[in-house]
Peer 1: 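Dropping a structure here in structure tokens format, bear with me for questions.
Because only heavy atoms are used, hydrogens play no part in the values below, and waters and symmetry mates are left out as well, while side chains stay in. For clarity, every value in this text was computed on a predicted model and none was experimentally measured.
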Amino acid sequence: MLIPHDTRIALDLVVDLVNTAPESEPEGGAAPADGLADVTALHAFAVRHRVSGIGVLDQRDLRAVHDVRARFAEVFAAEDARTAAGLVNALVAAAGTTPQLTAHDGYDWHVHYFSPDASLADHLAADCGMALAFIIVAGETERLRRCEAPDCRNAFVDLSRNRSRRYCSSRTCGNRLHVAAYRARRREAAG
């Protein structure tokens, strides 16, 4: 699946956004802190993801981004493409999308789907919503997944050729489960 550069960046952004939510941890596990607990964390998140034109953020922005984050989490949990499409349509419409070509910060021409004076929440809803729309239009909603590790529920987009990725990270969750399975087999063989 060929994904344009800015769509890939927006997909990475929406995954990171969804994974800041405390509910991204499994039931029964230690409740993690909210990755966007305050305006300072929200600003750091926007800077880390090089979100352009964010301006001064306040509690209203934080609440609005929390709402957008929860709605994106619903897209990752959607049972089918029709449900996911409805959720994405609502997010993008509420953001008041105004697609325009732009070149800035060393990036060549690309499309911004938000108005220049958009709030951070609208910026995220529009750009990330359109990236998820790309996945839905391509008939690839099964690529929007949650980690299968029992102690992790992080969201991810499976961009493997054969759609076989099961863990948010093969280095952490995948490796940890493979090592545990190996040790269990060794114990069983020795026992």
Side-chain angles (χ1 to χ4, degrees), residues 7-52 54-55 57-81 83-95 97 113-114 118-136 140-159 165-174 176-177:
T7 300
R8 177 61 192 264
I9 289 172
L11 288 172
D12 291 343
L13 176 57
V14 73
V15 164
D16 287 349
L17 177 63
V18 169
N19 290 339
T20 65
E23 57 271 4
S24 64
E25 282 292 312
E27 301 107 33
D34 187 331
L36 298 177
D38 55 31
V39 175
T40 302
L42 179 62
H43 185 269
F45 178 85
V47 169
R48 186 171 57 254
H49 285 281
R50 300 178 68 180
V51 177
S52 60
I54 57 170
L57 301 173
D58 59 23
Q59 287 296 321
R60 186 181 55 219
D61 293 303
L62 183 63
R63 284 188 302 276
V65 170
H66 282 178
D67 179 56
V68 167
R69 177 179 68 183
R71 294 168 72 197
F72 278 132
E74 292 176 25
V75 175
F76 278 84
E79 295 285 324
D80 55 40
T83 303
L87 293 165
V88 168
N89 282 340
L91 272 161
V92 171
T97 58
Y113 294 98
F114 53 90
S119 68
L120 178 58
D122 285 346
H123 179 134
L124 295 172
D127 264 6
C128 296
M130 292 306 296
L132 291 172
F134 177 88
I135 297 294
I136 295 167
E140 302 284 355
T141 54
E142 73 276 2
R143 291 183 183 272
L144 303 177
R145 298 192 176 164
R146 291 287 187 161
C147 185
E148 291 183 17
D151 59 343
C152 180
R153 294 296 301 146
N154 280 341
F156 68 95
V157 179
D158 178 5
L159 297 178
R165 188 171 157 198
R166 298 174 47 210
Y167 308 110
C168 63
S169 169
S170 60
R171 285 188 222 158
T172 55
C173 291
R176 188 175 64 249
L177 288 174

Peer 1: On a heavy-atom basis, which atom in Tyr113 and which in Met130 lie closest, and how many Å separate them?
Peer 2: CG-CG, 3.4 Å

Peer 1: Between Val65 and Leu17, is any pair of side-chain heavy atoms under 4.5 Å apart?
Peer 2: yes

Peer 1: Hey, does the side chain of Asp16 reach the backbone of Leu13 with a donor-acceptor pair shorter than 3.5 angstrom?
Peer 2: no

Peer 1: Any chance you could lay out the side-chain contact (heavy atoms from CB on, under 4.5 Å) test for Ile9 and Asp12, step after step, and finish with the verdict?
Peer 2: CA-CA 5 Å; Ile9 289 172; Asp12 291 343; 5.6 Å; no

Peer 1: Where do Phe72 and Cys128 come nearest, in terms of heavy atoms and distance?
Peer 2: CZ-CB, 3.5 Å

Peer 1: Please list, one pair per line, the donor and acceptor atoms closer than 3.5 Å that link side chains of residues 84-95 to other protein atoms, with sequence neighbours excluded.
Peer 2:
unit_1, atom_1, unit_2, atom_2, d
Asn89, ND2, Ala85, O, 3.4

Peer 1: To the nearest 0.5 Å, what is the distance between SG (Cys152) and CG (Asn19)?
Peer 2: 7.5 Å

Peer 1: Identify whether the distance between the nearest side-chain nitrogen and carboxylate oxygen of Arg63 and Asp67 falls below 4.0 Å.
Peer 2: no

Peer 1: Might you point out which heavy atoms bring Cys173 and Tyr167 nearest each other, and give the distance in Å?
Peer 2: CB-CB, 4.0 Å

Peer 1: Mark yes or no for whether Asp34, through its side chain, and Pro22, through its backbone, hold a donor-acceptor pair below 3.5 Å.
Peer 2: no

Peer 1: Enter the distance from Arg143:CZ to Arg145:CZ here, rounded to the nearest 0.5 Å.
Peer 2: 8.0 Å

Peer 1: How would you list, by chain and number, every residue that makes a side-chain hydrogen bond (donor to acceptor under 3.5 Å, both in side chains) with Arg60, sequence neighbours excluded?
Peer 2: none

Peer 1: If you look at every heavy atom in Leu36 and Leu62, which pair is closest and at what distance?
Peer 2: O-CD1, 3.3 Å

Peer 1: Mind listing the closest non-hydrogen atom pair of Val15 and Ala155 along with its distance?
Peer 2: CG1-O, 3.2 Å

Peer 1: Which residues pass the ring pair (Phe, Tyr, Trp, His ring centres under 6.0 Å) test with Phe45, not counting sequence neighbours?
Peer 2: His49

Peer 1: Roughly how far, to the nearest 0.5 Å, is CZ of Arg69 from NE2 of His66?
Peer 2: 4.0 Å

Peer 1: Rounded to the nearest 0.5 Å, what's the gap from CZ on Phe76 to CG on Leu132? Could you check?
Peer 2: 5.5 Å

Peer 1: Looking only at heavy atoms, which two atoms of Phe114 and Ser52 are closest? And how far apart?
Peer 2: CZ-OG, 4.5 Å

Peer 1: Any chance you could measure Leu144, atom CG, to Leu11, atom CG, to the nearest 0.5 Å?
Peer 2: 8.0 Å

Peer 1: Would a distance-only check, ignoring hydrogens and angles, find a side-chain to backbone donor-acceptor pair under 3.5 Å from Asp127 to Ala10?
Peer 2: no

Peer 1: So how far is it from Thr7 OG1 to Ile135 CD1, rounded to the nearest 0.5 Å?
Peer 2: 8.5 Å

Peer 1: Any donor and acceptor pair, going by atom type alone, linking the side chain of Arg153 with main-chain N or O of Cys147 inside 3.5 Å?
Peer 2: yes

Peer 1: For Val75 and Val18, what are the C-alpha separation, side-chain angles and deciding distance, and is it a side-chain contact (heavy atoms from CB on, under 4.5 Å)?
Peer 2: CA-CA 10 Å; Val75 175; Val18 169; over 6 Å; no

